[in-house]
Student: 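Before we start, here is the structure in question, set down as structure tokens.
Below, chains carry the letters A, B, ... as their sequence lines are ordered, and counting in each starts from 1.
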Amino acid sequence: MFPTPIQNYSLKVNIAYRLLLLLTLVVWLLPLIAVMLTSMRTFEDVLAGNYWTFPEETALISNYTAVFEGGKMGRFFLNSLIITLPTVFGTLFLSSLAGYSLAMHRFKLNLLVFAMFIAGNFVPFQILMIPVRNISIEMGMYNTHIGLIIFHIAFQTGFCTFFLRNFIKALPFELIEAARADGATEWIIYRKIILPLIIPALAALGVLEFTFIWNDYFWALVLTQGDSVKPITVGLDALRGQWTTSWNLVSAGSVVAALPPVIMFFILQKQFIHGLTFGAVKG
Amino acid sequence: MTFWERNQLKLAPFFFLAPAILIFLIYVIYPIIDSIWVSFHEWNGMDKSNLKPDGTPNWKWVGFKHYIMLFTDDEEFYVSLFNNIRWLIFSLLAIPIGLSLALFVNQNITGMRYIKSLFYFPFVINAVVIGVIFTWFYNPRYGALTLVLGFFGLDPIPFLADENLATYGIIIASFFPGIAYTMILYITGLTGVNREMIEAGRIDGASGFTMLWHVVLPQLKPATLIAVVVTIVGSLRSFDLIAVMTAGGPWGSSEVLAYKMYQESLFNYRMGYGAAIATILFLIMDIYIAWFLYRLFKSEKTEK
């Protein structure tokens, strides 16, 4: 263990360590604590400059209802879900097919295709912006959910193929050879052997992709226009202008926009960290 | 044997890869080439074959004009470029801070699992929310920073309204998810550190910083590498926080290349000029892409 286990030290050090740990944690979360408390305050309370005290008169319900009713947050929230979920499934499907092929098939351009997916993944968004916007307009997919979904699937396929190819490559090749010798078709091998084995990797990528797409701001800004398609990130940014100094409403809106990935993170933390640190231990 | 059965292994790669490659070519590879092409033209984004009201064409070849303009006649371009360099250098600070926090919480005490998740989760909060929170934090009238400064008897500092401070204010906001991310990387890395080597180091009398530097850090190299790559790519991609917190202001002082590109193209309708900025950003990023691919294929070869 590094650093030395705290248990090897005296009781005093142990108590001091725990206190310091708690203090650090509270300071670390201070901005978020303030937002949560503020989302429960009345407007008068906010104007009085109260940050850290627990609100005397809670406006929890009225703030959150105001956000959903007056602020169209419900629409934006739904848009985010409509965009995010199909993107996650579509990406996982396409990239598991591609990843299987790149890991288990030998053909001339294999490494080149693999390199293309990796390189594409690092590309700055701006070099894609003008043409992607034009393609969407020409195909009638500008300001539609499907336009955003298809673009996200295309872009995220790069990263996911990279991830899954390496994961599948580490599986025992004999398994596939044996199935091929038994006359199984490639599709059957993919369906019956590969897919069940890569479920942990798919879960890890799934939560990661959910977060990436839910949190997307740039592409939503470039590819949408009206309230009917906007996801919650752009929606919140727009509503902030309307609410101006009603920090209680801004805070409530922020909590709503941040919540789904946060909940997902706490429930599926293991998968999440597995996906995020892929290659961080043995690279 | 049917044709399919005989040739399956040769044809399968095509069917498995076709959908992914097709969609990737349309939405990633073609746009890169098209953007570079657009950068050599003057274009307001309208129908390419039509004329503007003043009789000049919407789409006109101008060669390297935009690049020359950027480097010789656009102060804002240099401001953006230097801000990108600032982002690059200062974002890297998240790495040692994340490492320190990771070492600090790397203990087996009751409840540590939950404490760690509370340290991690700011990473999944989107940039708009982070931006909104920090804009509020910096607000000279209502912000918590003013409150804290007031407590020490200091005047409020309008971080985001100050030309010299705005970029730093935004970078500090980016630390919140950034540090959480490097912490996750390092804690995972630390669980993989070889115990025997630590014990051997202890017997040799190494402890504290010597142990960290000579025994632990070399073993954390893969985590450090990923942290550096992701932080650098992230700093070149920085857009969301800037758009939300300052919209590039005050007076363009917190713009970066990504934001300037967006502004020129979609607000000033100078697609060609915007595309030239994007191309420069792309060329800078290519250095990292080339280096990453080189490293990857080197390790692929040694594996075989």
Student: Taking every non-hydrogen pair under 4.5 Å, which of A:L109, A:T157, A:L29 racks up the most with chain B?
Tutor: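 The residue among A:L109, A:T157, A:L29 with the greatest pair count is A:L29.
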Student: For chain A, find its close neighbours in residues 283-291 of chain B: heavy-atom separation under 4.5 Å, sorted by number, or none.
Tutor: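 Against chain A, the residues of residues 283-291 of chain B that fall inside the cut-off (heavy atoms, under 4.5 Å) are B:M285, B:I289.
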Student: Find the one option among B:A144, B:P19, B:A18, B:A12 whose heavy-atom pairs under 4.5 Å with chain A are most numerous.
Tutor: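 It is B:A144.
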Student: Which residues pass the salt bridge (charged side-chain N to carboxylate O under 4.0 Å, His left out) test with B:R270, not counting sequence neighbours?
Tutor: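 So B:R270 forms a salt bridge (charged side-chain N to carboxylate O under 4.0 Å, His left out) with B:E264.
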Student: I'd like a table of donor-acceptor pairs (distance under 3.5 Å, sequence neighbours excluded) in which one partner is a side-chain atom from residues 27-35 of chain B, with atom names and distances.
Tutor:
| residue | atom | partner | partner atom | Å |
| --- | --- | --- | --- | --- |
| B:S35 | OG | A:I127 | O | 2.5 |
| B:S35 | OG | B:P31 | O | 3.3 |

Student: Nearest 0.5 Å please: distance from the CH2 atom of A:W187 over to the CZ atom of B:F15.
Tutor: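 Here the interatomic distance stands at 12.5 Å.
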Student: Name the region of A:L20, side chain, backbone, both or neither, that has any atom closer than 4.5 Å to a heavy atom of chain B.
Tutor: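 Both parts, heavy atoms under 4.5 Å.
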Student: Between A:L102, A:V113, A:L221, A:V222, which residue shows the highest count of heavy-atom pairs closer than 4.5 Å to chain B?
Tutor: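 With the most close heavy-atom pairs to chain B, the winner is A:L221.
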Student: Contact part of A:I118 toward chain B, heavy-atom cut-off under 4.5 Å: side chain, backbone, both or neither?
Tutor: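 Side chain only.
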Student: Between A:R106 and chain B, which part of the residue has a heavy atom less than 4.5 Å away: side chain, backbone, both or neither?
Tutor: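 Neither the backbone nor the side chain of A:R106 comes within 4.5 Å of chain B.
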Student: Can you tell which part of A:F210 gets under 4.5 Å to a heavy atom of chain B, answering side chain, backbone, both or neither?
Tutor: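 Answer is neither: A:F210 stays 4.5 Å or more from chain B.
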Student: Counting only heavy atoms closer than 4.5 Å, note whether A:N121 contacts chain B via side chain, backbone, both or neither.
Tutor: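 For A:N121, backbone heavy atoms alone lie under 4.5 Å from chain B.
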Student: If you look only at distance, which donor and acceptor atoms sit under 3.5 Å apart when one is on a side chain in residues 90-98 of chain A and the other is two or more places apart or in another chain?
Tutor:
| residue | atom | partner | partner atom | Å |
| --- | --- | --- | --- | --- |
| A:T91 | OG1 | A:T87 | O | 2.6 |
| A:S95 | OG | A:T91 | O | 2.6 |
| A:S96 | OG | A:L92 | O | 2.9 |
| A:S96 | OG | A:F93 | O | 2.9 |
| A:S96 | OG | A:Y190 | OH | 2.7 |

Student: Under 4.5 Å heavy-atom distance to chain A, tell me which part of B:I115 shows up: side chain, backbone, both or neither.
Tutor: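 It is both, since atoms from each part get that close.
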Student: Please state whether the side chain, the backbone, both or neither of A:V35 comes within less than 4.5 Å of a heavy atom of chain B.
Tutor: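 Both the backbone and the side chain of A:V35 come within 4.5 Å of chain B.
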Student: Please look at A:F265 and chain B and tell me whether the side chain, the backbone, both or neither of the residue comes under 4.5 angstrom of a heavy atom of that chain.
Tutor: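 Answer is side chain: those atoms of A:F265 sit under 4.5 Å from chain B.
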Student: To the nearest 0.5 Å, what is the distance between CG on A:L128 and CZ on B:F282?
Tutor: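 Reported value, rounded in 0.5 Å steps: 9.0 Å.
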Student: With a 4.5 angstrom heavy-atom cut-off, could you sort out which part of B:L25 is near chain A: side chain, backbone, both or neither?
Tutor: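 For B:L25, side-chain heavy atoms alone lie under 4.5 Å from chain A.
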Student: Which answer fits A:F218, side chain, backbone, both or neither, if we ask what part of it has an atom under 4.5 Å from a heavy atom of chain B?
Tutor: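 Looking at A:F218, backbone and side chain both touch chain B.
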Student: With rounding to the nearest 0.5 Å, note down the distance linking CG in B:L118 to CZ in A:F266.
Tutor: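 That separation rounds to 5.0 Å.
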Student: For A:M139, does the CE atom have more than 12 heavy-atom neighbours from other residues, nucleotides or ligands under 6.0 Å away?
Tutor: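 Yes, CE of A:M139 has more than 12 neighbouring heavy atoms, counting only those of other groups under 6.0 Å.
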Student: Using a cut-off of under 4.5 Å for heavy-atom pairs, which of A:T185, A:V250, A:N215, A:V255 has the most such pairs with chain B?
Tutor: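 Top count of heavy-atom pairs under 4.5 Å with chain B: A:N215.
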Student: Chain A heavy atoms under 4.5 Å from B:W43: which part of the residue, side chain, backbone, both or neither?
Tutor: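 Side chain only.
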Student: Hey, which of A:Q126, A:R180, A:R133, A:Q269 has the most heavy atom pairs under 4.5 Å with chain B?
Tutor: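 Answer, by heavy-atom pair count under 4.5 Å with chain B: A:Q126.
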Student: Of all heavy-atom pairs between A:M129 and B:S265, which one has the smallest distance, and what is that distance?
Tutor: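 That closest heavy-atom pairing would be CE-CB, 3.7 Å.
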Student: Check whether more than 12 heavy atoms from other residues, nucleotides or ligands sit under 6.0 Å from atom CZ of B:F297, and answer yes or no.
Tutor: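 Correct, the count exceeds 12.
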Student: With only heavy atoms counted, which part of B:F137 is less than 4.5 Å from chain A, the side chain, the backbone, both or neither?
Tutor: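 Interface part for B:F137: neither.
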Student: Over 60° means perpendicular and under 30° means parallel, so tell me whether A:F272 and B:F123 are parallel, tilted or perpendicular.
Tutor: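 Perpendicular: the ring planes of A:F272 and B:F123 meet at over 60°.
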Student: What part of A:Y100 gets within 4.5 angstrom of chain B, counting heavy atoms only: side chain, backbone, both, or neither?
Tutor: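 For A:Y100, side-chain heavy atoms alone lie under 4.5 Å from chain B.
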Student: In terms of heavy-atom proximity below 4.5 Å to chain B, should A:W28 be classed as side chain, backbone, both, or neither?
Tutor: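 The answer is both parts of A:W28.
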Student: Between B:A20 and A:F117, which heavy-atom pair has the shortest distance, and what is it?
Tutor: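 Closest pair (atom of B:A20, atom of A:F117, distance): CB-CZ, 3.9 Å.
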Student: Select one option (side chain, backbone, both, neither) describing which atoms of A:M116 are under 4.5 Å from chain B's heavy atoms.
Tutor: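 Contact with chain B is through both the backbone and side chain of A:M116.
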Student: With rounding to the nearest 0.5 angstrom, report the CD1 to OG distance, A:I273 to B:S117.
Tutor: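 The distance works out to 7.5 Å.
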Student: Does any heavy atom of chain B fall under 4.5 Å from the side chain of A:T161, the backbone, both, or neither of them?
Tutor: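 Neither the backbone nor the side chain of A:T161 comes within 4.5 Å of chain B.
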Student: If you count heavy-atom pairs within less than 4.5 Å of chain B, which of A:L236, A:T211, A:N110, A:V123 leads?
Tutor: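 Going by pairs under 4.5 Å, I would pick A:V123.
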Student: Using every non-hydrogen atom in the two residues, find where B:F176 and A:P31 come nearest and quote the distance to one decimal.
Tutor: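 Where B:F176 meets A:P31 most closely, the heavy atoms are CZ-CG, 4.3 Å.
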Student: Can you tell me how far CZ of B:F104 sits from CG of A:L25, rounded to the nearest 0.5 angstrom?
Tutor: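 So the CG of A:L25 and the CZ of B:F104 are separated by 9.5 Å.
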Student: For A:I135, is it the side chain, the backbone, both, or neither that has a heavy atom closer than 4.5 Å to a heavy atom of chain B?
Tutor: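 It is the side chain, since no backbone atom gets that close.
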Student: From B:F16 CZ over to A:M104 CE, what is the distance, rounded to the nearest 0.5 angstrom?
Tutor: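 The CZ atom of B:F16 sits 12.0 Å away from the CE atom of A:M104.
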Student: Does any backbone or side-chain atom of B:L147 lie under 4.5 Å from a heavy atom of chain A? Answer side chain, backbone, both or neither.
Tutor: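 Only the side chain of B:L147 comes within 4.5 Å of chain A.
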Student: For the candidates A:T38, A:I137, A:L30, A:I232, which exhibits the highest count of non-hydrogen atom pairs separated by less than 4.5 Å from chain B?
Tutor: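 Heavy-atom pair counts peak at A:T38.
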